[in-house]
S.K.: 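Quick one: the structure is below, questions incoming.
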Amino acid sequence: LPPVEPPHFSHGNFTVTDVFSHIGAGFIIVPLLGLVESIAIGKAFARVNNYKIDATQELLAIGAANIISSFFHSYPVTGSFSRTAVNSQSGVRTPAGGLFTGALILLALALLVPYCYYIPKSALAAVIIMAVIQMVDIRILKTLWDTNKWDLFVHVVTFVCSLCIG
């Protein structure tokens with residue numbers, strides 16, 4: 001595990017002002033997109049699984065997770081659509097599922113990495129795809145065709161660009 005220490009606010013010859021001047025608007029846009037993504041994922045699964053979500057609590061939890069993770073040199077934390085889809089398909093109903101998953105991941109990293117080295121990435125991707133495929137709603141295409149063809153066009157173009165560009 002990495003050492004537990006406060007985050008460094010300079011890297012080599014770069015200071016905080018140097019970093020702000022190089023990244024610019026990305027300091028606002030990237031975290032905002034992460035928060036919007038987390039709320040959208042939460043609301044989508046809340047609708048599917050019949051529960052309510054409090055956006056304020058979600059944002060507080062993400063902020064607290066990012067502050068704590070900065071002491072472990074972690075990447076910024078946001079919601080994960082694929083992990084949430086796997087949990088939903090597995091019948092996970094409480095946040096304790098995340099603790100259980102985290103413990104299993106740490107155990108797997110400690111014991112199974114040499115044995116899992118040769119598992120193809122495509123097999124791991126298939127697990128995620130099978131969990132996420134349940135969230136695809138094809139019926140929306142007919143609804144958009146009947147109500148607003150412009151929205152259907154935007155929907156299809158976005159889908160094709162996501163597949164082609166990544």
Side-chain angles (χ1 to χ4, degrees), residues 1-11 14 16-110 113 116 119 121-137 140 154-155 157-166:
L1 292 175
V4 180
E5 61 185 10
H8 301 289
F9 290 103
S10 65
H11 184 69
F14 294 108
V16 173
T17 55
D18 292 336
V19 173
F20 272 106
S21 66
H22 282 79
I23 295 180
F27 271 109
I28 300 297
I29 295 170
V30 172
L32 184 64
L33 286 175
L35 295 174
V36 168
E37 176 193 24
S38 294
I39 298 301
I41 291 167
K43 287 190 176 195
F45 282 96
R47 186 173 44 253
V48 169
N49 295 314
N50 295 325
Y51 60 86
K52 292 209 178 261
I53 186 169
D54 182 3
T56 304
Q57 287 299 108
E58 289 288 321
L59 297 179
L60 286 172
I62 291 169
N66 278 314
I67 289 171
I68 292 168
S69 69
S70 71
F71 288 92
F72 295 91
H73 305 277
S74 170
Y75 284 109
V77 176
T78 61
S80 169
F81 182 71
S82 57
R83 188 175 61 238
T84 305
V86 169
N87 282 343
S88 178
Q89 291 297 310
S90 300
V92 174
R93 298 287 177 235
T94 67
L99 293 173
F100 183 74
T101 302
L104 280 178
I105 288 172
L106 288 175
L107 186 66
L109 285 173
V113 169
C116 297
I119 295 176
K121 289 181 182 174
S122 58
L124 300 174
V127 171
I128 295 171
I129 289 170
M130 290 308 297
V132 172
I133 199 77
Q134 303 298 321
M135 296 302 298
V136 176
D137 185 12
I140 192 70
V154 171
H155 187 84
V157 167
T158 303
F159 178 75
V160 169
C161 287
S162 296
L163 285 178
C164 295
I165 297 171

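The basis for the numbers below is simple: all heavy atoms, side chains too, and nothing from hydrogens, waters or symmetry mates. Small disclaimer: the values here were computed from a predicted structure and weren't measured.
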S.K.: Using 0.5 Å steps for rounding, measure from the CD1 atom of Ile29 to the CD1 atom of Ile23.
M.R.: 12.0 Å
S.K.: From Lys52 NZ over to Arg47 CZ, what is the distance, rounded to the nearest 0.5 angstrom?
M.R.: 12.0 Å
S.K.: If you measure from CZ on Phe100 to CG on Asn87, what distance do you get to the nearest 0.5 Å?
M.R.: 11.0 Å
S.K.: Is the CD1 atom of Ile28 crowded by more than 12 outside heavy atoms at less than 6.0 Å?
M.R.: no
S.K.: List the residues meeting side-chain hydrogen bond (donor to acceptor under 3.5 Å, both in side chains) with Asp54, not counting sequence neighbours, and say none if there are none.
M.R.: none
S.K.: Of all heavy-atom pairs between Ala65 and Val77, which one has the smallest distance, and what is that distance?
M.R.: CB-CG1, 4.1 Å
S.K.: Quick one: list whatever passes side chain to side chain contact (heavy atoms under 4.5 Å, CB included) with Ala46, sequence neighbours left out.
M.R.: Tyr51, Ile53
S.K.: State the OG1-CD1 distance between Thr56 and Ile39, to the nearest 0.5 angstrom.
M.R.: 8.0 Å
S.K.: Between Ser88 (side chain only) and Thr84 (backbone N and O only), is there a donor and an acceptor less than 3.5 Å apart?
M.R.: no
S.K.: Look up atom CD in Glu37 and atom CG in Leu32, then write down how far apart they are to the nearest 0.5 Å.
M.R.: 11.5 Å
S.K.: Of all the heavy-atom pairs spanning Leu109 and Val113, show the shortest one and how long it is.
M.R.: O-CG2, 3.3 Å
S.K.: Verify the neighbour count for atom CZ of Phe71: are there more than 12 heavy atoms of other residues, nucleotides or ligands below 6.0 Å?
M.R.: yes
S.K.: Once rounded to the nearest 0.5 Å, what's the spacing between atom CG of Leu124 and atom CD1 of Ile129?
M.R.: 11.0 Å
S.K.: What residues, two or more places apart in sequence or in another chain, satisfy side chain to side chain contact (heavy atoms under 4.5 Å, CB included) together with Val157?
M.R.: Phe153, Cys161
S.K.: Is it the case that more than 12 heavy atoms not belonging to Phe27 sit under 6.0 Å from its CZ atom?
M.R.: yes
